[in-house]
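The block underneath contains the structure these notes are about, expressed in structure tokens.
Side chains included, hydrogens not; waters and symmetry mates left out as well; all remaining heavy atoms used.
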Amino acid sequence: MSIHTDLRSVIYALSDALDLVGVDDVAHGKRVGIMAAECAAELGLGGQEQDFLFDLGMLHDIGVSSTGIHRNLVEQFDWAGSQQHAETGYALLKDYAPLAAMAVPVRYHHTHWSQLQDKGLDPAVARAANLIFLVDRVDALAAPHYASNGVLPHMHQIRDEIARNAGGRFAPELVAAFLKASAREAFWLRLEPRSIQAALQDRLALAGEGNAPTGSLRELARIFSRIVDAKSPFTAEHSLGVAGVACLLARRLGVAPDNVDKLEIAALLHDLGKLRVPDEILDKPGKLDPAERLVINSHSFETFQILRNIKGFEEIAPWAAYHHEEPGGSGYPFHVDAATLPIEARILRVADIFQAMVQDRPYRAGLGAQEALAFLQKLAGEGRIDRTVFATLSAFIDEAMRAARPGASRDVQSEGADHV
């Protein structure tokens, strides 16, 4: 099966999730992409290379899910711990064919030019990695000024700092191109919110129509699920386990095969919005206060905002976003009631709760099957989860336990391969 969407538009939408890690500043990747393309044009590179560098800038921080790491990367010009997220990004991209060409540049996008010469890289790859490093650091220098009086009054200081690093951190050729491009006020004005949106719309207009294979979308969703699940030590492989349980329940309930495939993608992406939740709230050992609870409760709305504009995701977006909605209408954040709550969303809610209960966490062992069922039965009796979905989970509890645990879920998901 294919979904009527263009893979590039999906990638652009999901890149919004990476920018959520900035919490209050949610356009870092987009600005890096815009600046990289501007510098590429100054270097005389062709349209395809400019497009590649734009997309590379959008995704260069794909290895970052922690708000703490993001703060260090923005607040320090050359943070000692920067290589870890670059290696993570490389590992995420290297085996995904549509984005594999970005893997090595992502791996070296914090490596000094003076050190990059010893890596034996193709010159174009080394140039791409170092250009992203350069404009990424430009954005870090500009970051304190976006919310105040803008970057223009500070452009000369930023340009001077980059110039001082020519030959050490940055290739002299790239510094020269940046200095020439950034001498124009328009270079900096393109980094303002309205200009960013215009740049994205222009590029998406070129994407056109398409049919993206479900298998390719699934693999992309798995990449982003790994980013989300890496955010907290408490949630490793949570999304993958939820997807396994959701697909199992959907098949047993007779959901159409095409919708099972879509539900798997929704389950893998259901917690995208958590990337905007600060680490200190998500990992808080004690009870959340009311303000912190409101922040947590907003994550499913953020998921909806990311997915809702992807053509072909008209069903996937609400299924993913409704995973905290309750049949009685007392869930969050939309308060959808039973009459309009799709079966796929009801399945995802049960799968989400069940997986979280039975998964081993650093601070506790996962609950046993009967303990989890007893709790879920109470929720079903209160009308907080769908009774039919709960009954199906109970009937296939052994399979559900295997699906919910890391590793076993992959076997369950593979049952649906013939629907692709």
Do you see a donor-acceptor pair shorter than 3.5 Å between the side chains of [X] and [Y]?
{"X": "Arg159", "Y": "Ser182", "result": "yes"}
{"X": "His323", "Y": "His299", "result": "yes"}
{"X": "Asp139", "Y": "His28", "result": "yes"}
{"X": "Thr67", "Y": "Asp279", "result": "yes"}
{"X": "Asp352", "Y": "His270", "result": "yes"}
{"X": "His85", "Y": "His60", "result": "no"}
{"X": "Thr111", "Y": "Gln115", "result": "no"}

Is any side-chain heavy atom of [X] closer than 4.5 Å to a side-chain heavy atom of [Y]?
{"X": "Leu116", "Y": "Lys119", "answer": "yes"}
{"X": "Val135", "Y": "Cys39", "answer": "yes"}
{"X": "Leu268", "Y": "Phe224", "answer": "no"}
{"X": "Glu38", "Y": "Glu42", "answer": "no"}

Does [X] reach the main-chain N or O of [Y] with its side chain, forming a donor-acceptor pair under 3.5 Å?
{"X": "Asp229", "Y": "His238", "answer": "yes"}
{"X": "Arg293", "Y": "Leu288", "answer": "no"}
{"X": "Ser225", "Y": "Leu269", "answer": "no"}
{"X": "Glu314", "Y": "Gly312", "answer": "yes"}
{"X": "Ser82", "Y": "His110", "answer": "no"}
{"X": "Thr392", "Y": "Leu253", "answer": "no"}
{"X": "Glu49", "Y": "Gly46", "answer": "yes"}
{"X": "Thr5", "Y": "Lys311", "answer": "yes"}
{"X": "Asp289", "Y": "Glu292", "answer": "yes"}
{"X": "Gln355", "Y": "Ala404", "answer": "yes"}

| query | Between Arg203 and Asp55, is a salt bridge (charged side-chain N to carboxylate O under 4.0 Å, His left out) present by the stated rule, with each step listed? | reply | CA-CA 10 Å; Arg203 290 181 180 274; Asp55 293 350; 5.6 Å; no
| query | Arg169 and Glu161: salt bridge (charged side-chain N to carboxylate O under 4.0 Å, His left out), yes or no, with the steps? | reply | CA-CA 11 Å; Arg169 289 183 174 90; Glu161 182 63 26; 5.6 Å; no
| request: Start with the C-alpha distance between Glu173 and Lys180, add both sets of side-chain angles, then the distance that settles salt bridge (charged side-chain N to carboxylate O under 4.0 Å, His left out), and finish with yes or no. | output: CA-CA 11 Å; Glu173 174 194 23; Lys180 190 172 181 181; over 6 Å; no
| Under 30°, 30 to 60°, or over 60°: which ring-plane class applies to Phe334 and Phe301, parallel, tilted or perpendicular? |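 Rings of Phe334 and Phe301: tilted, 30 to 60°.
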Say you draw a straight line from [atom1] of [X] to [atom2] of [Y]; how long is it, rounded to the nearest 0.5 Å?
{"X": "Met102", "Y": "Met58", "atom1": "CE", "atom2": "CE", "value": "9.0 Å"}
{"X": "Ile227", "Y": "Leu272", "atom1": "CD1", "atom2": "CG", "value": "8.5 Å"}
{"X": "Trp319", "Y": "Leu341", "atom1": "CH2", "atom2": "CG", "value": "12.0 Å"}
{"X": "Ser298", "Y": "Gln305", "atom1": "OG", "atom2": "CD", "value": "11.0 Å"}
{"X": "Ile343", "Y": "Asp386", "atom1": "CD1", "atom2": "CG", "value": "5.0 Å"}
{"X": "Leu131", "Y": "Trp113", "atom1": "CG", "atom2": "CH2", "value": "10.5 Å"}

| Can Glu325 and Arg349 be said to form a side chain to side chain contact (heavy atoms under 4.5 Å, CB included), step by step? | CA-CA 7 Å; Glu325 300 294 340; Arg349 171 162 171 76; 5.8 Å; no
Which residues satisfy the side-chain hydrogen bond (donor to acceptor under 3.5 Å, both in side chains) test with [X], sequence neighbours excluded?
{"X": "Asn130", "result": "none"}
{"X": "Lys262", "result": "Glu315"}
{"X": "Arg226", "result": "none"}
{"X": "Ser114", "result": "none"}

| message | How close do Pro333 and Ser300 get, counting heavy atoms only, and between which atoms? | response |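 Minimum heavy-atom separation between Pro333 and Ser300: CD-OG, 3.1 Å.
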| message | For Ile347 and Val255: C-alpha separation, side-chain torsions, deciding distance, then whether side chain to side chain contact (heavy atoms under 4.5 Å, CB included) applies. | response | CA-CA 10 Å; Ile347 290 170; Val255 172; 4.0 Å; yes
| said: Tell me whether the NZ or CZ atom of Arg31 lies within the 45° cone about the ring axis of Tyr146 and under 6.0 Å from its centre. | reply: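 Geometry flag: set, cation within 6.0 Å and 45°.
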| task | Validate the cation-pi geometry between Arg308 and Phe313: distance from NZ or CZ to the six-membered ring centre under 6.0 Å, angle to the ring axis within 45°. | result |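 No, Arg308 does not sit over the ring of Phe313.
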| request: Please step through side chain to side chain contact (heavy atoms under 4.5 Å, CB included) for the pair Leu14 and Leu220, ending with a clear verdict. | output: CA-CA 9 Å; Leu14 294 183; Leu220 183 61; 3.9 Å; yes
| request: Show the numbers, then the answer: is there a salt bridge (charged side-chain N to carboxylate O under 4.0 Å, His left out) between Arg402 and Glu399? | output: CA-CA 5 Å; Arg402 290 193 295 272; Glu399 292 177 71; 5.1 Å; no
| field | Working for side chain to side chain contact (heavy atoms under 4.5 Å, CB included), residues His112 and Asp78 | value | CA-CA 10 Å; His112 293 194; Asp78 202 358; 2.5 Å; yes
| message | Could you go through Phe133 and His109, starting from their C-alpha distance and side-chain angles, then the distance that decides it, and tell me whether this counts as ring pair (Phe, Tyr, Trp, His ring centres under 6.0 Å)? | response | CA-CA 5 Å; Phe133 184 26; His109 81 275; 7.8 Å; no
| What salt bridge (Lys or Arg N to Asp or Glu O under 4.0 Å) pairs are there with at least one residue in residues 93-107, not counting sequence neighbours? |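 Those involving residues 93-107 are Glu87-Arg107.
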| message | For Ser216 and Tyr96: C-alpha separation, side-chain torsions, deciding distance, then whether side chain to side chain donor-acceptor pair (under 3.5 Å) applies. | response | CA-CA 9 Å; Ser216 183; Tyr96 182 59; 3.1 Å; yes
| said: Looking at Glu280 and Arg71, is there a salt bridge between them, counting it only when a charged N and a carboxylate O are closer than 4.0 Å? | reply: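 Salt bridge present between Arg71 and Glu280.
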| message | Show me the pairs that pass ring pair (Phe, Tyr, Trp, His ring centres under 6.0 Å) and involve residues 239-258, at least two apart or across chains. | response |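 Not a single pair qualifies under ring pair (Phe, Tyr, Trp, His ring centres under 6.0 Å).
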| field | Leu92, Asp61, Leu56 screened by side chain to side chain contact (heavy atoms under 4.5 Å, CB included) with Val106, the one that passes | value |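 Among Leu92, Asp61, Leu56, the one meeting side chain to side chain contact (heavy atoms under 4.5 Å, CB included) with Val106 is Leu56.
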